[in-house]
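A quick write-up on the structure given underneath.
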Amino acid sequence: MAAMSLSELDEDTVRSMAIGAVFSDFGGKINSLDFHRTDDLLVTASEDDSVRLYDIANAKLLKSTYHKKHGAEQICFTHHPSSVICSSKYNLDSSGESLRYLSMYDNRCLRYFKGHKERIVSLCMSPVNDSFMSGSLDHTARIWDLRVNACQGILHLRGRPTVAYDQQGLVFAVAMEGGAIKLFDSRSYDKGPFDTFLVGGDTAEVCNIKFSNDGKSMLLTTTNNNIYILDAYGGEKRFGFSVEPSPNTNVEATFTPDGQYVISGSGDGSLQAWNINLAKEVASWNSHIGVATCLKWAPRRAMFVAASTALTFWIPNTTTDPGSRDAVGEAPAPAPAPA
């Protein structure tokens, strides 16, 4: 599978997305995944306590490491292509080692970060410096620096906090109880939020936030299976839709790099694509893996990945007419790619 470079996306290209490779060489489900911003790399954290590094240009597994003592739950790249931040799943009360800075190159832990007392449910790296943020079920969001063990800032919040930086690293968003989204200046967050948005009438907790690359839009996924696109400046709801529920499972949604389309999972095992400017669905596919709990579009490629108990790479199907069933992902899934 050769990944295509990202050009201007259109509806035909989005509609033609189909599975190009499948990996199922891990145990259980994938808990989280992340693309590197500038290199063709993907990292995953799985229920079998493994962290795996993939070359996305060639759909190749590069490295697997296991973390049986701490587990592997939330994961994100640092700026270095072989370094990641990973949240712990086990022994949080006793060790307090809730986050680890890991080198995938030589399988070393470069630094532990202590502070959170319960599971971390949200993790993101600043796009411009060594700061990163975590949100935990202990009702705090914490700000860290890769170079320092100690927490650099803490926000005490109600409910489940979800965190995200905008693409310029100037602003971060924190979602909290009651559907409230608070925006902070990342250089002076101690002064409190400079704006607060409410997702009109929906008080469900937000389980995922993403900013579009141009910074104009914000994508929210809630625990009651609603997906919203907000204006990132004024907070107005531009578009919203609901997906099928799945018990005890939160689905993920993702912007395309041009910010014009949103791809989402659904509780019925499908994937859906929406044109957010026209507020219409443009494609629907069978995911072939059940409910896709992890879903992200690659920053620089015409590719997205969807994951559950298998990891699927989706690329434009250039060999089939876009109007056919095969071109919209209804073809049988290929055999798993070799590890």
Side-chain angles (χ1 to χ4, degrees), residues 29-37 41-47 49-53 65 67 70-80 83-90 92 96-104 109-149 151-155 157 159-167 169 171-176 181 184 186 189 205-211 219-221 250 252-254 293-296 299 305 307:
K29 294 181 179 180
I30 287 179
N31 294 321
S32 66
L33 51 82
D34 189 36
F35 286 103
H36 194 271
R37 292 175 68 86
L41 296 170
L42 173 76
V43 67
T44 64
S46 308
E47 285 181 340
D49 306 324
S50 69
V51 172
R52 292 167 189 262
L53 185 67
T65 62
H67 305 266
H70 294 94
E73 193 145 34
Q74 300 296 316
I75 198 158
C76 68
F77 273 107
T78 66
H79 299 292
H80 194 284
S83 298
V84 299
I85 307 160
C86 184
S87 74
S88 302
K89 194 163 55 170
Y90 313 129
L92 290 180
E97 294 169 348
S98 52
L99 288 158
R100 288 160 291 135
Y101 176 20
L102 304 174
S103 167
M104 294 293 289
C109 180
L110 305 176
R111 181 164 283 117
Y112 288 102
F113 301 94
K114 297 184 178 183
H116 287 301
K117 300 302 182 186
E118 294 193 42
R119 282 178 50 231
I120 290 168
V121 293
S122 186
L123 183 65
C124 60
M125 183 81 201
S126 166
V128 295
N129 57 35
D130 286 329
S131 299
F132 66 98
M133 291 189 69
S134 55
S136 166
L137 296 179
D138 64 11
H139 308 302
T140 66
R142 291 175 181 258
I143 300 158
W144 311 85
D145 188 304
L146 284 175
R147 301 162 294 183
V148 184
N149 289 76
C151 175
Q152 302 297 293
I154 182 169
L155 303 171
L157 305 160
R160 167 199 172 115
T162 301
V163 296
Y165 283 97
D166 78 337
Q167 297 297 326
V171 171
F172 64 78
V174 178
M176 50 187 287
I181 314 296
F184 294 80
S186 57
Y189 57 83
E205 290 183 315
V206 174
C207 50
N208 204 271
I209 306 175
K210 292 184 176 76
F211 285 90
L219 173 62
L220 311 179
T221 311
N250 294 324
E252 189 171 5
T254 184
T293 52
C294 296
L295 182 68
K296 284 189 172 68
V305 295

query = Are F132 and Y101 near enough that their ring centres are under 6.0 Å apart?
reply = no
Evaluation steps, side-chain contact (heavy atoms from CB on, under 4.5 Å), between T221 and E252
CA-CA 7 Å; T221 311; E252 189 171 5; 5.6 Å; no
>> So does S126 get a backbone contact from the side chain of H79, meaning a donor-acceptor N/O pair under 3.5 Å?
In response: yes
| Under 3.5 Å donor-acceptor, Q74 side chain and L123 backbone | no
When every non-hydrogen atom of N208 is compared with those of A253, the smallest separation belongs to OD1-O, 4.5 Å
Are F172 and C124 close enough that some pair of their side-chain heavy atoms sits under 4.5 Å apart?
no
What one should report as the nearest heavy-atom pair of T78 and M125 is CA-SD, 4.0 Å
Taken to the nearest 0.5 Å, the spacing of I75 CD1 from L99 CG works out to 11.0 Å
Do I30 and T293 make a side-chain contact, defined as non-hydrogen atoms from C-beta onward lying under 4.5 Å apart?
no
For S87 and R100, the nearest pair of non-hydrogen atoms, with its separation, is O-NH2, 3.5 Å
Exercise. Got a donor-acceptor contact below 3.5 angstrom from the D166 side chain to the F211 backbone?
Worked result: no
Looking only at heavy atoms, the pair that brings P161 and S122 closest together is O-CB, 3.9 Å
Interatomic distance, OG1@T44 vs NZ@K29, rounded to 0.5 Å, equals 15.0 Å
Contacts of D49 meeting salt bridge (Lys or Arg N to Asp or Glu O under 4.0 Å) (sequence neighbours excluded), chain-then-number -> K68, K89
The complete set of salt bridge (charged side-chain N to carboxylate O under 4.0 Å, His left out) pairs with one or both residues in residues 115-125, sequence neighbours excluded, reads E73-R119
Do Y165 and V128 make a side-chain contact, defined as non-hydrogen atoms from C-beta onward lying under 4.5 Å apart? no
_Between P127 and R37, is there a side-chain heavy-atom distance shorter than 4.5 Å?_
yes
Rounding to 0.5 Å, atoms SG (C109) and NE2 (H67) come to a distance of 9.0 Å
All heavy atoms of M176 vs all of L157, minimum pair found to be SD-CD2, 3.9 Å
Under a 4.5 Å cut-off applied to non-hydrogen side-chain atoms, are E47 and N31 in contact?
-> yes
Between the CE atom in M133 and the CG atom in L155, the distance rounded to the nearest 0.5 Å is 6.0 Å
Here the gap from R147 atom CZ to Q152 atom CD, rounded to the nearest 0.5 Å, amounts to 8.5 Å
Which of S98, S88, S134 passes side chain to side chain donor-acceptor pair (under 3.5 Å) with H116? Answer is S134
So CZ of F77 and CG of L42: to nearest 0.5 Å the spacing works out to 6.5 Å
Practice task
Could you walk me through whether I85 and L146 pass the side-chain contact (heavy atoms from CB on, under 4.5 Å) test, one step at a time?
Solution key: CA-CA 9 Å; I85 307 160; L146 284 175; 4.0 Å; yes
Requested in this report: Begin with the C-alpha distance, continue with both residues' side-chain angles, and end with the deciding distance and a verdict on side-chain contact (heavy atoms from CB on, under 4.5 Å) for V84 and L53.
Outcome: CA-CA 10 Å; V84 299; L53 185 67; 5.9 Å; no
Closest non-hydrogen contact found for R142 with G115 is NH2-O, 3.5 Å
Are N149 and R111 close enough, and set up right, to give a side-chain contact (heavy atoms from CB on, under 4.5 Å), and what steps lead you there? CA-CA 7 Å; N149 289 76; R111 181 164 283 117; 3.2 Å; yes
